[in-house]
Every structure is written in structure tokens, then in C-alpha cells.
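Beneath this line is the structure, given in C-alpha cells, with notes to follow.
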There are 2 protein chains.
Amino acid sequence: MLRDRVKEYLLKQIQRNNLQVGKTINLAALARQTQISVTPIREALSQLEESQLIKSVPNRGFIVPELTMSEAKNLYETVSQLEILALESAAIDERLVGKLKKQQLLLQQAHSPLTRLNERFKFHDLLVENCQNTVLMRILDTLKSRIRFYEQLLVKDASFYENSDNQNEGIIRAIEEQNIPTAALILKMNWMLVSDYVVAQLQKK
Amino acid sequence: MLRDRVKEYLLKQIQRNNLQVGKTINLAALARQTQISVTPIREALSQLEESQLIKSVPNRGFIVPELTMSEAKNLYETVSQLEILALESAAIDERLVGKLKKQQLLLQQAHSPLTRLNERFKFHDLLVENCQNTVLMRILDTLKSRIRFYEQLLVKDASFYENSDNQNEGIIRAIEEQNIPTAALILKMNWMLVSDYVVAQLQKK
DNA sequence: TAAGTTTAAATCGTATACGATTTAATTCGA
DNA sequence: TCGAATTAAATCGTATACGATTTAAACTTA
């Protein structure tokens, strides 16, 4: 269905940092870009509205929502808890540690802020890769898409990643030792680190 | 916007148990019922699809998803955790205990399974009434809408409510004593009670 | 020159048209 | 009579039309 294709397209645009906060999505332009007429485009955008990735303003159209401190706090609080739940309910697979280490290397070798951010999200996705709760995973995916807007705009500082990298290594070590409560605790601290950083950056604006 | 009105209408229909599991939503009929043309109806249904309350099947339309054991388990696991998070982060207001007691009375006086179910959901909504995390509350609302399908169809037995009522009273008592960890624990047990009951009923089918 | 007003163009949200697909009803053959 | 084939009707998903609203451009006035 065309609606699904448009939604996929827009989610990819989000990952590539091609949807700017505050920007109105021009339906005619998007129809030309995708060669799909506006009806399924509107349906897809309505879905993204439901996910809070897009908001609609009557007679003005679909707009990428501005960033707010309260939303940031709420998002990070919720994601943190849900990701811990997913980690705790996932089957730990012995190849996971290898994958995490490899991913952490990729993260550290990333050259641009956007690549680094994407690798960081992949690291988190790996942590919960084996979680079988599809309801939970779907919610997490959606929330993380919204979080991308915050981090794409606000997390550029390489020094931030040093602290985060240390925590990621701590998480890997804990998982290697099958010590899930410690992994969960460090994971929570990691999300708090990002949350505090994002909130501080928002306060400067 | 008409899309929002259709969505509200359909969410109300869900609460009233007027959307049957497995039923295909007839767009022309809904357009006649609501006096709204199919374009905003499809947009609203696309949104409900995004929430997993409705699924779309190509060339057949929008259908209320069947109930499954795995979805039930996943839903209850996730709702339980999120509601506990919301309870723990809510400001406890001294009028809350009074409201909960009153609501519990309404629950116990309800004459029909559907009324009783709706009162039970209101009880749960009251528990988290003061939670300021709008991201979390929105997710909870959506998940609970989906859970209604399970409970409308499967939870009819009055004896189930006796156990649930006892737990509700335990939760009220714990909150009255400002003992949130205990309230959270009983709340978790309450969701497990429902989950186990629903899963058992599904197993009979 | 800046602010206000008017006009023109662009865009939005909804209704409607229409080809494709599914469902229902009817017919045919064993 | 039952199952398969054919026909008809209903419905779906998408494209397009169009009135309403917003935005942009042009004009006027102080």
C-alpha cells in the first residue's frame, strides 16, 4: 500500500536528518518527490501524527513539532524504562556481546555527528534485539524516532560521547558477565546522561 | 478537523464494545453514520492502525484485529510496567484516596460486565491521574484501548472481580499510607491476575 | 521608508470519480 | 444436489476536483 511506502520514506528522512524541526511538509512537493498522490501521503502523515513525530495544524498542514524541555524529559524517562524492561526480558544470546563490541567500535570510529548518532541508536537497538515483546518494541522504535530530532539538533559535542562510550563499555562488560541488573542500571544512567545533556542544551536556547 | 472527530467517535465505539473483533469496518456505512466523507475517515482509521487498534488488509479494508495470546501477554506486561512508572512518578494528592474509594464502590455496584469493566479502567486511570509525563500517558491510553477488546470479550466472570477488588482495596490502603512501593507491587499483581485470566480464557478457545 | 491594505498565488482539507479487487449472487454441468 | 464457473454488485485505494484558508506579492498611504 502506498501509505506504507510514504511512511517508510519519511521515517528514513528522519534518520537522515532531512526533516527539520519546525518545518512544514509541503504535500505537493512530497507528491512530486515520491510520485505518489496526496491521498496516501496524507494518510501516512496522519499516522506519523499519531506517533507524535508530526503534528497537524488546521489549514496549515503537517509540521515537524518544535522541541520542548518537558517533552524531552518525558521521552527520555519513558524510553529509559522501556528499554530496561526490554533488556531484562530479552534472551541473552552469546553472540550479542561480540555484536555489541563491534558496534561500539563503529560508534567510536564514526566521523560525523549524524553517523555517530545513528551508530549509537544501533547500539541501543542491539541491546534489546532479542526482546520478544512486539508491543514494547514498537513503542520503543517510535519514541526513539522522536528522540532523534532532539539529538540531531543538540548532541554534537564529541566530549559527550566519551562519557557515553564509557557507559556503553560498562554495559557490555555487565552483559558479558550475565549481570543484567548492573547492565540495566548503567543503561539507565546512560539515558539520564543524554537526557541531562539535551535538557542543558535546550536551556541554552 | 474531521479526522479527529472520526477518531474520537471510533474510540468511543471501542469503549462501548461496539467494534467486534474480526469485523471489517465498512467505509460507506461509517460515512453515512457520521455524515463525513471517506477521506477523513480513512485518515482516522490510518491513525488507529498506527495505534494497533485497527489493522488494514490490502483491498479488503480496515479490520478489528483478532485476539492472540502473545499480544495479550505483551500488552499486559507493558501496561503493567508503564502504569507502575506513572504511579511512581505521580504526585500523590490527598483527595486521590477519596476518589479511589468512591470509584471502587462504583466498580462493585456495577450491574453489567461492560459497566464493571469501564469502572475498572476508570479506577486505573485515577491511579495515574496526576502523572505529568504526557508521553507516557498517551501510550498508556492507547494500550488500554487495545486491552479493552480482550476484556470485553473474555472477562465476564464475577468471581474474577472479587480477587481484583481485593487487590484494588490493597492498592488504596497502600496509597493511603503513602506506601508507593507496596501500591506498585499490588498493582503489578493485579495486572498479572488479569493477564493470567485472559490468557487462560484464550486457551479455552 | 514602513506599515497597512488589496490582490494573486499557493496550499489545505474534504468530497467525489473511477479503475481494481473482493464479495455475493446466479448459472451451469456432472 | 453440489461444486465450479460466470456474472453482478459492493467495496477498496488512489487520483483528482474544488471551495476555503493561508501565504506571498503588489500597491497605497502617511
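Source: prediction; values computed, not measured. Chain naming here is simple, since letters A, B, ... match the order of the sequence lines and numbering starts at 1 in each.
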Sequence neighbours left out, what passes side chain to side chain contact (heavy atoms under 4.5 Å, CB included) with [X]? Give chain and number order.
| X | value |
| --- | --- |
| A:A158 | none |
| A:Q33 | A:Y9, A:A29, A:L30 |
| B:M1 | A:R42, A:S56, A:P58, B:R3, B:D4 |
| B:L114 | B:N17, B:S112, B:N118, B:Q152 |

Under-3.5 Å N/O pairs linking protein and nucleotides 16-19 of chain C:
unit_1	atom_1	unit_2	atom_2	d
C:dT16	O4	B:T39	OG1	3.2

Handout entry: Residues B:K144 and B:E83 bridged, charged N to O under 4.0 Å
Key =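 B:E83 and B:K144: salt-bridged.
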Fill in the blank from the handout: Quick note, ring pair (Phe, Tyr, Trp, His ring centres under 6.0 Å) partners involving residues 115-165 of chain B, not counting sequence neighbours, are B:H124-B:W191, B:F160-B:Y197
How many whole angstroms separate atom [atom1] of [X] from atom [atom2] of [N]?
| X | N | atom1 | atom2 | value |
| --- | --- | --- | --- | --- |
| B:L45 | D:dT14 | CG | C1' | 16 Å |
| B:E43 | D:dG13 | CD | P | 14 Å |
| A:D4 | D:dG13 | CG | C1' | 12 Å |

Pairs under 3.5 angstrom only: tabulate donor-acceptor contacts from the side chains of residues 88-101 of chain B to other protein residues two or more places apart or in another chain.
unit_1	atom_1	unit_2	atom_2	d
B:S89	OG	B:L85	O	2.9
B:S89	OG	B:A86	O	3.4
B:D93	OD1	B:R95	N	2.8
B:D93	OD1	B:R95	NE	3.4
B:D93	OD2	B:R95	NH2	3.2
B:K99	NZ	B:E129	OE1	2.9
B:K101	NZ	B:E176	OE2	2.9

Practice task
Sorted by first residue and then second, give each salt bridge (charged side-chain N to carboxylate O under 4.0 Å, His left out) pair with at least one member in residues 145-156 of chain B; sequence neighbours left out.
Solution key: B:E71-B:R146, B:R120-B:E151
Could you run down the sub-3.5 Å N/O contacts of the protein with nucleotides 6-12 of chain D?
unit_1	atom_1	unit_2	atom_2	d
D:dT11	OP1	B:N26	ND2	2.8
D:dC12	OP1	B:I25	O	3.4

